[in-house]
Every structure is written in C-alpha cells, then in structure tokens.
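The block underneath contains the structure these notes are about, expressed in structure tokens.
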2 protein chains.
Amino acid sequence: MSEKILVVDDHILFSQSLKGLINSLQDFEVLDVLKNGQELVTYYESNKIKPDIVLLDIRMPVMDGIETMEWFKENFPDQKVLALTMEHEEETIIKMLKLGCRGYLLKDIDPDEFRYAMETVLQSGYYYSNEVAEVILHSEDKRKDQFTKRELEFLHLVCSERTYKEIAGEMNLSPKTIDGYREQLFAKLNAKSRTGVVLYAIKNKVVSI
Amino acid sequence: MSEKILVVDDHILFSQSLKGLINSLQDFEVLDVLKNGQELVTYYESNKIKPDIVLLDIRMPVMDGIETMEWFKENFPDQKVLALTMEHEEETIIKMLKLGCRGYLLKDIDPDEFRYAMETVLQSGYYYSNEVAEVILHSEDKRKDQFTKRELEFLHLVCSERTYKEIAGEMNLSPKTIDGYREQLFAKLNAKSRTGVVLYAIKNKVVSI
DNA sequence: CTTTACAAGGGGAAAATTCCCCTTTTTAAG
DNA sequence: CTTAAAAAGGGGAATTTTCCCCTTGTAAAG
C-alpha cells in the first residue's frame, strides 16, 4: 500500500519532475501537485484523499509556506508536513518547526536521503538534516542576543531616512536616549555605523523593505 | 536519435528529479548531472560525449552560472546553453544573454513549455519566455536610468561600513570626488542620506547582501 | 538583600556626512 | 561645430553621527 504525498511548490518544472521521482519510488505515490497554500486549502476543503505527507515549499505567491503551516496548525494539526525549500535561514527554519512542521529539507538533498527523510517522518514523526539540527542546536544561544521591544522599535526607524533627531521625536525620547539605543545596537550587532546596522537588519530579515 | 542534455545544478533533488523527467521525454536523454561550473569544466576537459544542450543553473557554489558562461564563451562559444534558474533579476538575465546563453528559463515553467524551449533552441538556436522577453524589451529603456560604471562601483562600496574617506582610498580618488558621486546618487535616487541610498540599492537588487 | 536588565537621560567633543558654491578635461552625440 | 555626459576635483562650513565619560529609577531574578 503506497504512502500518499502531496507536493506544494510554485516551481512547476521542479514539482512535476519531483512527482516523477517520487512515483518511481516503491511505496510512494503523489496524489497531486499544487502551486501554493491557497490551492492546498482548496484541496483539503474538498472531499479528496488526505495525504500521509505534505511536501511544502516556503516561498510561494498567494499563500506561502509559513501561512500554510499556520492554517494546518489550526485545521489539521496532526498532518505530517515536510518543508522542502532553498531557504536555509534560521528564522524561517525555527518558525516552520514551531508551527508543527515535521522536518525541513533543503533542495540540495539527494534522492536517497530524501526517501529516508519521508520514511523517518512516517515512522517516528520527525526528520532533521544535519544542517537543520545545527540551527536548532544554536537557536537557544542566539536568543540571548535578541532585541528588546524598544530596541526593535528603534531599529525599524533606523532603517529609514529619518535623522536620529527625528526618530527621537517619533519615539518621544531625548536625542541622548536615542544615542544610548544606537550604542546598544552597535554593541549587539558589532556594528560601527548606521549603515552596518541597516545592512544587518535587512540581511537577517529583522526588518523587511 | 536522442538529443543529449547535460544538467548543471547544485540542488540535487531537483537535478535528479529533472533527469527523470527529461529521460521520460521522447528524443531526449541526460548524459550526466553536475553540481557546479567546475564539474562541468572537468567534464569538457575529459573525452566525454558533448551535449546538444546544457541546462545551467546560476546560483551555485564553487563556480556559478555567470562564470560558467564566461568559460563557454572562451572555450566552446557555439555550445547551446539554456539558463534554468529562479533568478529573475534583470541584470542577471542580461548578463547571461550577453555571454551567449541561448535562452533563460525560470523554474516555474511547465514541462511542456520546457520541452518546447529545448526543441526551439535545437532548431532555431534561441528561446525566450514571455517574462524574459519583457526584460529584454525594457532593458533599453532602463539604460537611461542606469548608473555609470564608476557610480555602480561606488554604490557597492557605499553598502558597507566603510567611511567615504576609506572608499576614496579604495577607488583611488579624492574625498571630494567621492562627495561628487554621493551627490549624483542622491539626485538619481532622490535620497537624502546614505541610509536612503543603501535601502534603495538593496530593495531594487542593484546590490545584493 | 544584591545584581542584572531595561528604560531614560546628561555633558562635551571628535569624526563623518551633507550641503553649497564651484572648476577642468575628455568623450560622445546631435 | 556645440552640447551634454562622465570623470575627477576644490573651498568652506553646517549638520549629523559617533564616541567617551557618565547618571537615575524600576522591575525581576537569584
């Protein structure tokens, strides 16, 4: 009896190719190939066969992987979902895992490991590649470097063309306090200029533009 | 007689899946699957069968797609190469085409169109998807707003923690000249601070981080 | 109780950025 | 030929950012 797989990825060439590969694996068959989270919601809302595993990309238009995981958490919290993506950014990995994702696969995984990952999830419920395990291991450490509420507020304003004086006005603070926050961010981010802070914030997706 | 394809992509799951799909197409067969430009150079330097088409990803470690195209231009200028990538950044598209790439495929192409693209390249030499054709059509317009060579050089250095004085040293210019360039960028980008310039450059993917 | 973290703030000044007024030379397009 | 663009650069100064030295008060944890 075949394990049923649903593939959700907007890169059609990839998803169709992957369908071929999965169908060539003994014990696995692809139920359908969907292009985004919205199509998946529609699929679940119709009386179609539910899959054993959902392979879910993250970067998709209309409804992305994170949003889709949020929907699963609320509607089908036990559905086994494996992220399958190029995104190896820590924040994304942690977020997906917290939302109940059973594993996180990068697209450079080889087909044997891919098959092993699916089998592991079906048997024990979770699969972590070495890279992802590293991220989880170090994520507790990283938490120590998180920003305070006020710092984060300041950081968002720093990533704009406002002068510090203007930022002080917006936050109802003295320019001297702003200078204090600037100093705190410099220390935390090992930055030596506002530009450095901005580059860090955007690069690490603390702030989006 | 089958058309011979070489797949160059570091995402193994994708490339192995794609191999399966291509091999399932009548008249096509995959010679080999390589992980980066360096592996491809090694392949060409050995006495192996040359492919009819190379499917080449851009973002790869060790030797990327651009570098690989440069190698082809110098060593096998007539080799038919199709870019196959997620990168829909205009600068990248133009660069690849200028280096002799016969077509530029995005990974959200469907398998039928994919097959048609390969057939078109084999027959007439070139294939452009609608999206890429748009880029080419508008790239002449855009050139009017493009940065000069020196401005671009400066812009990349601005998106760093170097002081203008340091940038002047790196570009072998006077700080007054740097100030001139700063002014030029401010005018072109309607910016009023270095932070504004940095935000624009990153947002519009003129500079990547 | 002490210590730490967070929030808010000060004095003073050096360094960096921005601004405002220009210049000359070379090259390419009309 | 003229004009515009690109490249390189200058004097001078105001504004902003960064730096270095601190402070107090509150809340939470040990």
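First the proteins, then the strands, lettered A, B, ... as listed; each starts at 1. All values below come from the heavy atoms of this structure, side chains included, with hydrogens, waters and symmetry mates left out.
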Intermediate values then yes/no, side chain to side chain contact (heavy atoms under 4.5 Å, CB included), B:Lys107 and B:Asp57: CA-CA 10 Å; B:Lys107 284 180 180 176; B:Asp57 192 19; 4.0 Å; yes
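Between the C1' atom of D:dT23 and the CG atom of A:Asp179 lies a distance of 15 Å, rounded to the nearest Å. What separates CD1 of B:Ile178 from P of D:dA8 is a distance of 9 Å, to the nearest Å. When the P atom of D:dA7 is taken as reference, atom CZ of B:Phe147 falls 13 Å away, rounded to whole Å. Going from atom CD of A:Glu183 over to atom P of D:dT16 covers 20 Å, rounded to whole Å.
Phosphate contact (OP1/OP2 of D:dT17, side-chain N/O of A:Arg194, threshold under 4.0 Å): present.
Nucleic acid contact for A:Arg182: base, since at least one base atom lies under 4.0 Å from a heavy atom of the residue.
The closest donor-acceptor contact from the side chain of A:Glu183 to the backbone of A:Gly180 lies at 3.5 Å or more, if one exists at all. No side-chain donor-acceptor contact under 3.5 Å links B:Gln16 to the backbone of A:Pro111.
We find the NZ-CZ distance between B:Lys50 and B:Phe76 to be 5.0 Å, quoted to the nearest 0.5 Å. Interatomic distance, CZ of A:Phe154 versus CE of A:Met171, reported as 7.5 Å (0.5 Å rounding). Atom OH in B:Tyr43 sits 5.5 Å away from atom CG in B:Leu6 (nearest 0.5 Å). Once rounded to the nearest 0.5 Å, the distance linking CG of B:Leu82 with CG of B:Leu105 reads 5.0 Å.
Note that the two end axes of the helix from C:dC1-D:dG30 to C:dG30-D:dC1 enclose an angle of 50°, each drawn from 5 base pairs, rounded to 10 degrees.
The aromatic rings of B:Tyr44 and B:Trp71 sit perpendicular, their planes meeting at an angle over 60°, well past the 30° parallel limit. In this structure, B:Tyr200 and B:Phe147 have perpendicular ring planes: the angle between them is above 60°, well past the 30° mark.
Summary of the strand contacts: A:Lys176 and B:Lys176 both lie near DNA chain D, and taking for each the nucleotide with the nearest heavy atom, the more 5' one is attributed to B:Lys176.
Stacking of B:Arg182 on the aromatic ring of B:Phe186 is recorded, both the 6.0 Å distance cut-off and the 45° axial limit being met.
Along DNA chain C, the stretch of nucleotides lying under 4.0 Å from any heavy atom of chain A spans, 5' to 3', C:dC6 to C:dG12.
Side-chain contact between A:Asp52 and A:Lys80 is absent, with no heavy atoms from C-beta onward closer than 4.5 Å.
For the contact set between residues 158-175 of chain B and DNA chain C, defined by any heavy atom under 4.0 Å, the members are B:Thr163, B:Tyr164.
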